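The structure appears right after this line, and notes come after that.
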Number of protein chains: 2
Amino acid sequence: MVRRAQGKPTIADVAALAGVSVAAVSKVVNGKGSISAPTRERVLTAASKLQWTPSAAAVALRSAKTRAIGMVARRSPDLLSADPHFTLLISGIESELSPLGYGLLLHIVGEEPSAEEAAYRRLADERRVDGVVLTESLIGDTRFDLLRTLGMNTVLIGTPWRDDPVPAVQATGLDSGIRSAVEHLVAHGHQRVAYVSGPEDRVHTRYRRRVFEEALAAHDLTPSHTIVSDFTAAGAVDAVGRLLADRRRPTAVLFANDSMAVAGMSAARRLGVDVPGDLSVIGHDDLPLGELVYPQLTTVRQDLVGLGRAAARVLLASLGEIEDATVDIRPPELVVRESTGPLTSREPVHPT
Amino acid sequence: MVRRAQGKPTIADVAALAGVSVAAVSKVVNGKGSISAPTRERVLTAASKLQWTPSAAAVALRSAKTRAIGMVARRSPDLLSADPHFTLLISGIESELSPLGYGLLLHIVGEEPSAEEAAYRRLADERRVDGVVLTESLIGDTRFDLLRTLGMNTVLIGTPWRDDPVPAVQATGLDSGIRSAVEHLVAHGHQRVAYVSGPEDRVHTRYRRRVFEEALAAHDLTPSHTIVSDFTAAGAVDAVGRLLADRRRPTAVLFANDSMAVAGMSAARRLGVDVPGDLSVIGHDDLPLGELVYPQLTTVRQDLVGLGRAAARVLLASLGEIEDATVDIRPPELVVRESTGPLTSREPVHPT
DNA sequence: ATGAAAGCGCTAACAA
DNA sequence: TTGTTAGCGCTTTCAT
């Protein structure tokens, strides 16, 4: 018995059991070189008998491929769990990586951009991953340059800043969701529509705001209010407080994400304002949360799982693992639920 | 110039630049062996000049340590993002791993237990991680045996099944949260309290239910209803429907998690039942979600981030990375918000 | 079609 | 204190 008593089997054990060379084993597991059918059989049975799987470390060292993808989320634990945005993206990414035996190395760092940068640096310097997926494109984003310098395969989920040639995935008809949202409100007679936006350092934040304004403009309307907020519940509550304090308060408001929308809706109701009777509320993303609450949230659905899958496939394609990177990403669409509708109260131009 | 034009620097490059042997470099970066101060200096400056960091693959191959921890979440994308439970645990784990340069390899698999098992197997066979963290202890859990067989370092977040000697982390005073919840309700005059539990294959599910029953028993009360549900919103809605259809409907209900509680609360309100006027609702976990909604959710807070941190430290300690694994995990506690209170309506013994 | 052998970048005995 | 050296488990020429 040549098998070592303890420790995992190695390629040599398999080769010995199959009565072939280690090179032969390597060839059959990698499908390279030429191997006769009988040899392949013997190797395969030996491998399965020994329950052998190539050591990731050895493969990585030898071939300079780690078969792992990295992702870093720049969020505090609280915000991360309040906005399960990332979770959905990660699910999508994983669903593509898993079948190919790729791993996902996740890092959660604090809000400081330097921490994110350091994480990428470490991923690259330690050669822990074959590529990374970036999210939340920033105005003046330096991460692409960094990763290019580090020689790291990269894909961005979202819109690149200033036509940066980084590979990126996004839905077609990106503006359709917000446009439909505005149409929906206008069709219900809303004329004073406000927008509570996210941090303006994001590319998508500005884009969506512009789409919102254009959609209103098509009806000769302008935003009744625009509030730039963070992504926190407190920010949403504060925004709603300001909106409703205005004597020309809006009759409808769009929020940058579902968590803010729900928080905003609650704030309104706490102030005695009925949703949607006095105020229509629309969120963004269509997270499960929106269906949980009462009234259920009308929101702009984003295919986050699809985006994650697409990003993974772009990476996989550039790593030569798959031929076709295309994934069907469903365009954003409005999901009408209960938080929007026509005004039912008397026009609250003069709040009590 | 000995440095290769392309490719990352290696330990040999650093050694050459510092004018020492590769062994010397290895010793200084690992703090082993004896190295003179001047030599250490030269190595350090050379390393930083070259921006060199040891290759994770080479270290892993040579030392059989990957400096990575694995975790597999068995959840559909939807459920995962509806219940950010995992997210919080992961944040806690990461916060301990990151400073030590450890990575977190995440796998998300479907609901089938076999998928989870396969994921662990792969993690072990490929030797991708030095340990794994398990969550959601199951009745008759086979994962511990599997991982023991695979020779994998393991830590469980939660209560082991049948005193399995797997290392586990949990809060002290585990029952305090639910006990306080019951006390709180009873103090407000509630006599008919229902419990909407999670899937009964979980260890904690049964435990919590038992605590609930004991706490009621201390007041000579028994559960008005007990409904075993899944963790979905639909399950919660259905449960509430059944609860409220009863002519001896409960005046208060505890849910197994916050998402269910919120969904349940919404269902009640949709049926014209006021919360907390007609029905008090209590959740479990204290996710950010509970503060977003109106009325804000009274819930049993669990220190999920602390549990994650503790689990990571147990692993780190058994890997010899740290001395002291102890982390202060805050005991569960009741967070009273707006979804509970005394009955304000007439006793709804006879529903309309 | 198959195998021998040279490393991938690093760590740890062992020598010096 | 420092350096030499033998691998860790695998992939990949290059012979045969």
Side-chain angles (χ1 to χ4, degrees), chain A residues 2-4 6-44 46-47 50-67 101 124-128 130 320, chain B residues 2-4 6-44 46-47 50-67 101 124-128 130 320:
Chain A
V2 266
R3 282 175 61 188
R4 282 100 39 92
Q6 33 119 279
K8 310 268 172 168
T10 73
I11 194 173
D13 299 322
V14 177
L17 182 61
V20 299
S21 71
V22 295
V25 178
S26 175
K27 282 169 190 156
V28 351
V29 304
N30 293 302
K32 313 211 171 181
S34 29
I35 288 293
S36 66
T39 305
R40 136 171 283 105
E41 276 318 305
R42 314 232 318 280
V43 168
L44 257 19
L50 258 34
Q51 292 229 62
W52 174 78
T53 307
S55 146
V59 171
L61 178 56
R62 180 61 235 221
S63 60
K65 297 204 172 311
T66 60
R67 302 186 69 81
D125 290 346
E126 297 183 354
R127 277 135 291 180
R128 266 190 188 273
D130 296 335
Chain B
V2 267
R3 283 174 61 189
R4 282 103 37 92
Q6 34 121 277
K8 309 268 175 172
T10 75
I11 193 173
D13 298 323
V14 177
L17 183 60
V20 299
S21 70
V22 294
V25 177
S26 176
K27 281 170 191 159
V28 351
V29 305
N30 294 302
K32 312 210 171 183
S34 27
I35 287 294
S36 66
T39 305
R40 135 172 283 105
E41 277 317 306
R42 314 233 317 279
V43 168
L44 258 19
L50 259 33
Q51 291 230 63
W52 174 78
T53 307
S55 145
V59 172
L61 179 55
R62 177 62 235 221
S63 59
K65 297 203 171 313
T66 62
R67 303 184 70 81
D125 290 346
E126 297 184 354
R127 277 135 291 180
R128 266 189 189 274
D130 297 334

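Chain letters run A, B, ... following the sequence lines, proteins first and then strands; every chain starts at 1. Keep in mind it's a predicted model, so treat the numbers as computed, not measured.
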Under 4.0 Å between a side-chain N/O of [X] and OP1 or OP2 of [N], yes or no?
X	N	answer
A/Ser55	D/dG9	no
B/Thr39	D/dT1	no
B/Thr10	C/dG9	no

- Okay, side chain of B/Arg127, backbone of B/Asp125: is any donor-acceptor separation there less than 3.5 Å?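 Yes; at least one donor-acceptor contact below 3.5 Å.
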- Given that B/Ala37 and B/Arg127 both sit by DNA chain D, which one's nearest nucleotide is further toward the 5' end?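 Whichever sits nearer the 5' end wins; that is B/Ala37.
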- Query: When you check every protein heavy atom under 4.0 Å of nucleotides 11-16 of chain D, what one-letter string (B, S, -) results, 5' to 3'?
  - Reply: BB----
From [atom1] of [X] over to [atom2] of [N], roughly how many Å is that when rounded to an integer?
X	N	atom1	atom2	value
B/Glu126	D/dG9	CD	P	15 Å
B/Lys8	C/dG9	NZ	P	12 Å
B/Asp13	C/dC10	CG	C1'	13 Å

List the atom of [X], the atom of [Y], and the distance in Å for their closest heavy-atom pair.
X	Y	value
A/Val14	A/Ala47	CG1-N, 3.8 Å
A/Asp13	A/Thr10	OD2-N, 2.7 Å
B/Val20	B/Val43	CG2-CG2, 3.9 Å

- For B/Ser34, which contact category applies under a 4.0 Å heavy-atom criterion: base, sugar-phosphate, or nothing?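 Base: the residue B/Ser34, judged by heavy atoms under 4.0 Å, touches a nucleobase.
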- Task: Kindly indicate, with the supporting measurements, whether the criterion side-chain contact (heavy atoms from CB on, under 4.5 Å) is fulfilled by A/Leu17 and A/Trp52.
- Result: CA-CA 12 Å; A/Leu17 182 61; A/Trp52 174 78; over 6 Å; no
- Message: Quick check on side chain to side chain contact (heavy atoms under 4.5 Å, CB included): which of B/Asp130, B/Val59, B/Leu61 does B/Thr66 satisfy it with?
- Response: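 Only one option passes, and that is B/Asp130.
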- Query: To the side chain of B/Leu61, which of D/dG9, C/dC10, D/dG3 is closest?
  - Reply: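 Within the option list, the nearest is D/dG9.
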